[in-house]
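Report on one structure; see the data block that follows.
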Number of protein chains: 2
Amino acid sequence: METGTADQKTPVEDADSGATRLSRADEAYQVLKRRILDNDLPAGAQLLEQELAESLNMSRTPVREAMVQLERDGLVEIRPRHGMRVLPISADDMREIYDILTALESTAAGLAAERGLSEDEIATLDVCVAEMDAALAANDLRRWARADEEFHARLTELSGNARLTALVEGYVERTHRVRMVTLTMRPKPTRSNQDHRKVVDAIRQRDPDRARRTHRRHRQRASALLTDLLRAREGGP
Amino acid sequence: METGTADQKTPVEDADSGATRLSRADEAYQVLKRRILDNDLPAGAQLLEQELAESLNMSRTPVREAMVQLERDGLVEIRPRHGMRVLPISADDMREIYDILTALESTAAGLAAERGLSEDEIATLDVCVAEMDAALAANDLRRWARADEEFHARLTELSGNARLTALVEGYVERTHRVRMVTLTMRPKPTRSNQDHRKVVDAIRQRDPDRARRTHRRHRQRASALLTDLLRAREGGP
DNA sequence: GGATGCGGTAGTGTATGCATTAGAGGATGC
DNA sequence: GCATCCTCTAATGCATACACTACCGCATCC
């Protein structure tokens, strides 16, 4: 590799925001994941270890480590002589993932209701709901999507189950690409906002069963909507 | 490394059962995971890359890859200068994991009921239940535990959701060690067998809601039981 | 013309080498 | 006696070297 490029010797002279010092492998993982989630590396893209190593300015070793993790995330597939391939998401995949999300998130809602949240904690959810309403009123779909993700993330957090939170985050990430693409294809998500309000209400009233059921129905509707859109797209163009 | 030991040169002359040829990294992953799950490497054990590499007769590179995966599985923790440490499972961990399992499995039961299984498919569940009854009658707890795991695995499979199945399998593996340890400490699992029968019944009648609720309650009871045992053990000896 | 065999090559999997560094333990100062 | 600093070692993270092999293309043969 070109010995001319200087900045690759010391692993931690990055001098970026002084945040947690990343190992090369972690850096590779994060950068690649970001590129994939942002559709910068579109589904179907094929990339060899060597190319990636060069583009990330490191050797193949940490890149490999990152690739293995991305494969575990279900974002890419490693095909021995063809590098890694960014996986597309089919309607069936989406249904599977949404079933998992439905299971996990509705349980999270139930747990939150069981625990009995403080009014402050519930307020964080209210804020998200309000933001979603505002975004919808302003017809700003991206803003709505951000608030929606925020709501779901907060809700899951409030379950008090760190593993569950992390797990859900991973699956949400996987759906991110698709949700962004279908954002403009779906009807205005007014119903969604109503659903959220009902879930918050059930949590506030400490009714786990209702929280679970309500959230489950909410996610099932979202799932049906998205998979239908995807299926249409698969059949169509 | 000792050049004397011959059999480490070619990666695939293993000539074992002729099954899928494993890469060294995969081999390391599987062997280590097995050792951990069998409590061969007990919780708290610390192992350096070098030691592992020697014990597995390979270099550090594939071992590292395996370690990263095991860390992702939540089985070990990698501490930069101290190798990897096999993680213990606290009562709190167990509760978190069981909440996740409850969410996923009860959804799986619901999905199975929704799909409408053939009588053959349902029969596989019946077989497991019968085996559990037999094991219980024979007072063979290990056999019962095996049948129990089998039942849950089959049930999850019958959801038709491959991702969900794989996910559940991972979490079940994590609880395996603890379940084996607590097996003799818990009361005879007669109730458990009743629960299973009810779940199968709900699936047979294609009642997703009842399948979900029944299985959820079943898992919640199991969770309470196990975490209590663990907590007692944590406080006690 | 199509099937078959056969180098050649590119890409990978693994081993090894090397610089860095965290941390243990001793020495020193108070 | 205790804390602090320093040194030295051992483990790591990464780069590189190397052997193996699947695949591509061409040539040959039927």
Side-chain angles (χ1 to χ4, degrees), chain A residues 1-16 18-32 45-72 76-86, chain B residues 1-16 18-32 45-72 76-86:
Chain A
M1 179 172 300
E2 323 87 70
T3 44
T5 54
D7 60 352
Q8 73 189 79
K9 269 292 159 59
T10 55
V12 199
E13 57 156 322
D14 233 45
D16 62 41
T20 37
R21 306 161 149 209
L22 289 182
S23 71
R24 309 292 254 179
D26 286 343
E27 185 194 330
Y29 174 69
Q30 307 234 352
V31 170
L32 290 179
Q46 301 242 5
L47 299 142
L48 297 173
E49 287 187 6
Q50 196 59 251
E51 305 174 54
L52 290 172
E54 272 162 33
S55 105
L56 292 168
N57 223 303
M58 60 182 75
S59 85
R60 279 173 45 223
T61 311
V63 170
R64 268 185 76 83
E65 209 163 289
M67 281 170 58
V68 170
Q69 307 217 179
L70 290 170
E71 185 174 40
R72 288 224 132 195
V76 309
E77 167 196 35
I78 297 180
R79 294 191 312 163
R81 308 263 316 161
H82 304 273
M84 74 176 203
R85 194 174 76 94
V86 179
Chain B
M1 177 172 301
E2 321 89 68
T3 45
T5 54
D7 61 351
Q8 73 188 79
K9 267 296 160 56
T10 55
V12 199
E13 57 156 323
D14 233 44
D16 62 40
T20 37
R21 309 163 145 206
L22 289 181
S23 71
R24 310 292 258 179
D26 286 343
E27 185 194 330
Y29 174 70
Q30 307 232 354
V31 170
L32 290 179
Q46 302 242 3
L47 299 142
L48 296 174
E49 287 185 8
Q50 196 60 250
E51 305 175 53
L52 290 171
E54 272 162 32
S55 105
L56 292 168
N57 223 303
M58 59 183 75
S59 83
R60 281 171 43 224
T61 310
V63 171
R64 269 185 74 83
E65 209 163 287
M67 282 169 57
V68 170
Q69 305 217 180
L70 289 170
E71 185 173 40
R72 287 221 131 197
V76 309
E77 166 195 37
I78 296 179
R79 295 192 312 163
R81 308 265 314 163
H82 304 272
M84 74 175 203
R85 194 173 76 94
V86 180

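Proteins get letters first, then strands, A, B, ... in listed order; numbering begins at 1 in each. Predicted model only: the values in this text are computed from it and were never measured.
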For B/E49, give me all partners under side-chain hydrogen bond (donor to acceptor under 3.5 Å, both in side chains), at least two apart in sequence or on another chain.
B/R60, B/R64

Considering only heavy side-chain atoms of B/P80, the closest of D/dG13, D/dA15, C/dG11 is D/dG13

Rounded to whole angstroms, how far apart are CD on A/E27 and C1' on D/dA15?
15 Å

If we only count heavy atoms from C-beta on, is the B/R24 to B/E65 side-chain gap below 4.5 Å?
no

B/R64 has an atom CZ; how far is it from atom C1' of C/dG13, in whole Å?
15 Å

Euclidean distance, atom CE of residue B/M67 to atom C1' of D/dT12 [Å, nearest integer]
10 Å

Residues which pass side-chain contact (heavy atoms from CB on, under 4.5 Å) with B/S23, listed by chain and number, not counting sequence neighbours
B/A25, B/D26

Closest heavy-atom pair and its distance - A/M58, A/V63:
CG-CG2, 3.9 Å

Rounding to an integer number of Å, can you tell me how far B/Q50 CD sits from C/dT16 P?
10 Å

Please determine whether a side-chain nitrogen or oxygen atom of A/S59 lies at a distance below 4.0 Å from atom OP1 or OP2 of D/dA15.
yes

In whole Å, what is the span from the CD atom of B/E65 to the C1' atom of C/dA15?
13 Å

Report the residues that fulfil salt bridge (Lys or Arg N to Asp or Glu O under 4.0 Å) with A/R81, sequence neighbours left out, ordered by chain and then residue number.
none

Can you tell me the distance, in whole Å, between the CD atom of B/E49 and the C1' atom of C/dT14?
14 Å

Using a 4.0 Å heavy-atom cut-off, does A/T61 contact any base of the nucleic acid, only the sugar-phosphate backbone, or nothing at all?
base

Under-3.5 Å N/O pairs linking protein and nucleotides 22-25 of chain D:
residue	atom	partner	partner atom	Å
D/dA22	N3	A/R81	NH2	3.4

For A/R85, which residues count as a side-chain hydrogen bond (donor to acceptor under 3.5 Å, both in side chains) partner, sequence neighbours excluded?
A/E77

When rounded to whole Å, the CD to C1' distance for the pair A/E71 and C/dG13 reads 14 Å

Hits for side-chain hydrogen bond (donor to acceptor under 3.5 Å, both in side chains) against A/E51, two or more places apart or cross-chain, chain-then-number order -> none

Tell me the interatomic distance from B/L48, atom CG, to D/dA11, atom C1', rounded to whole angstroms.
7 Å

Determine whether a donor-acceptor pair (one donor, one acceptor, N or O, separation below 3.5 Å) exists between the side chain of B/R60 and the base of D/dG13.
yes

